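Shown next, in structure tokens, is the structure this report addresses.
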Amino acid sequence: MTLELDPQLDLQSIRIVRAIAETGTITGAARSLGYSQPAVSQHLQRTEARLGLPLVTRVGRSVRLTEAGQVLARHAITITSALDAASGDLADLAGLRSGTVRLAAFPTASSTIVPRLLGAMASLHPGIQLSYIEAQPPEAVALMREGAIDLAVTFSYPGDRTDPHRDSASGLSMETLFTEEMVVVLPAGHPLAGDPIVDVAGLATERWIAGCPRCRGHLLAVCELAGFDPLIAFETDNASAVLNLVASDIGVAMLPRLALATATLPAGAVIRPHTPPSDRSIHLIASDGARRVPSLAATIALLNTLDGHDWGLTAA
């Protein structure tokens, strides 16, 4: 059996259609591919003539993909990803002297895990270009689905009803990097501040300071186990803000150890383990074929060797 490629399609056409889908304009596609706008327009016209189908239609100053263009754009991600994997294999033969990695991670990791990873990458693999954007777990998983990033560092809580790693991450690869203890933060003058382990049930009448939606959900779950619904009076994702609000006797809070790693504990606040105990897991999300791409495999390997004990993390 002989496999024949359709002569009406070529790789450059596929790249152009994908770039148009991502940028929304021919000019933007040309810029992202490093070509002139006329060159992209002419190539697109020749492709449409060969296929006998229009791929784009003009809408004001922008363009919109036709149904045929959308079909091609959907396949473009798979095709270009396979080519990237092939390029990665060649980079491996060249000793990882080139390659790119697009990483997303949640805000707390921006001041801990990500800088340590970037430093290790720069030292061990200086030829690999690593870019980074900050995103909460649901957004990071969505970016992975869209092909906008290569790797995502995320977190989840046991029993989280809205865990983004269930249905939305189906078909992706997930491994747990670390687990970390959750702690309560109390004003220094609080009656329970002297207890070595704080019973959450004793905080039933307190005002609480909650964080991101996922952290808020975890707080609700822990308090439910302790037999009460917490009164959430304030919300902020900023760990330093939480600590200072607690130190000012505004309320109490529950934070993961990693959130405290780079924050200064004010004199008016104390940190205590709690019962019932709880923890958080930190994960790495990647496509199933990520380890076949040497630059991604090198990054994954480094993430698995990072030491996080000084942040209160336990390697999985």
Side-chain angles (χ1 to χ4, degrees), residues 1-94 96-104 127-133 135 139-152 168 170-172 285-290 292-296:
M1 178 178 178
T2 302
L3 178 64
E4 295 181 358
L5 294 177
D6 187 341
Q8 297 175 345
L9 280 177
D10 61 90
L11 177 59
Q12 196 57 29
S13 299
I14 292 170
R15 290 191 184 278
I16 287 173
V17 171
R18 180 177 180 181
I20 292 173
E22 292 174 345
T23 64
T25 66
I26 291 177
T27 300
R31 186 182 302 113
S32 68
L33 294 171
Y35 299 131
S36 68
Q37 186 269 339
V40 170
S41 294
Q42 291 168 14
H43 189 100
L44 190 61
Q45 290 169 5
R46 290 195 297 269
T47 302
E48 290 178 324
R50 290 198 305 271
L51 293 173
L53 290 168
L55 297 176
V56 299
T57 180
R58 293 194 175 276
V59 181
R61 294 186 177 182
S62 62
V63 294
R64 184 172 58 208
L65 291 178
T66 63
E67 187 175 1
Q70 292 171 8
V71 168
L72 191 54
R74 285 199 301 270
H75 289 287
I77 294 178
T78 301
I79 295 169
T80 55
S81 295
L83 288 170
D84 288 342
S87 297
D89 288 340
L90 294 176
D92 188 39
L93 293 175
L96 286 172
R97 289 193 292 268
S98 64
T100 59
V101 177
R102 300 166 299 169
L103 174 72
I128 296 177
Q129 300 299 311
L130 197 153
S131 63
Y132 174 65
I133 59 173
E139 291 74 29
V141 172
L143 289 170
M144 179 76 66
R145 284 283 183 210
E146 296 167 5
I149 59 172
D150 302 305
L151 301 173
S168 62
S170 176
L172 299 175
I285 307 294
S287 64
D288 283 339
R292 295 172 51 208
V293 181
S295 58
L296 301 185

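Values below: all heavy atoms of this structure, side chains included; hydrogens, waters and symmetry mates excluded. Here, residue 1 is the first one in the sequence, and each next residue gets the next number. This is a predicted model, so every value here is computed, not measured.
To the nearest 0.5 Å, atom CG of residue Leu172 and atom CG of residue Asp288 are 7.0 Å apart. Here Ile20 contributes atom CD1 and Leu44 contributes atom CG; the two are 5.0 Å apart, rounded to the nearest 0.5 Å. Distance check, rounded to the nearest 0.5 Å: CD of Glu48 to NE2 of His43 gives 10.5 Å. Atom CZ of Arg46 is separated from atom CG of Asp10 by 9.0 Å, given to the nearest 0.5 angstrom. Rounding to the nearest 0.5 angstrom, the gap separating the CG atom in Asp150 from the CG atom in Leu130 is 9.0 Å. Note: Thr78 OG1 to Ile14 CD1 = 10.5 Å, rounded to the nearest 0.5 Å.
With hydrogens and angles disregarded, a donor-acceptor distance shorter than 3.5 Å links the side chain of Thr23 to the backbone of Ala29. A donor-acceptor contact shorter than 3.5 Å is absent between the side chain of Arg102 and the backbone of Ile133. Judged purely by atom type and a 3.5 angstrom limit, Thr47 has no side-chain atom pairing as donor or acceptor with the backbone of Ser13.
Nearest heavy-atom pair across Leu65 and Ala21 is CD1-CB, 3.6 Å. The two residues Ile149 and Ala104 make their nearest non-hydrogen contact at CD1-CB, 3.6 Å. In terms of heavy-atom proximity, Leu143 sits nearest to Ala135 at CD1-CB, 4.3 Å.
No more than 12 heavy atoms of other residues, nucleotides or ligands lie within 6.0 Å of CZ in Arg64, so this atom counts as exposed by the packing criterion.
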Please list every donor-acceptor pair under 3.5 Å in which a side-chain atom of residues 33-40 meets a protein atom from a residue at least two apart or in another chain.
{"residue": "Tyr35", "atom": "OH", "partner": "Gln12", "partner atom": "NE2", "Å": "3.2"}
{"residue": "Ser36", "atom": "OG", "partner": "Ala39", "partner atom": "N", "Å": "3.3"}
{"residue": "Gln37", "atom": "NE2", "partner": "Ser41", "partner atom": "OG", "Å": "2.9"}

Can you check side chain to side chain contact (heavy atoms under 4.5 Å, CB included) on Leu53 and Thr66, steps first, answer last?
CA-CA 9 Å; Leu53 290 168; Thr66 63; over 6 Å; no

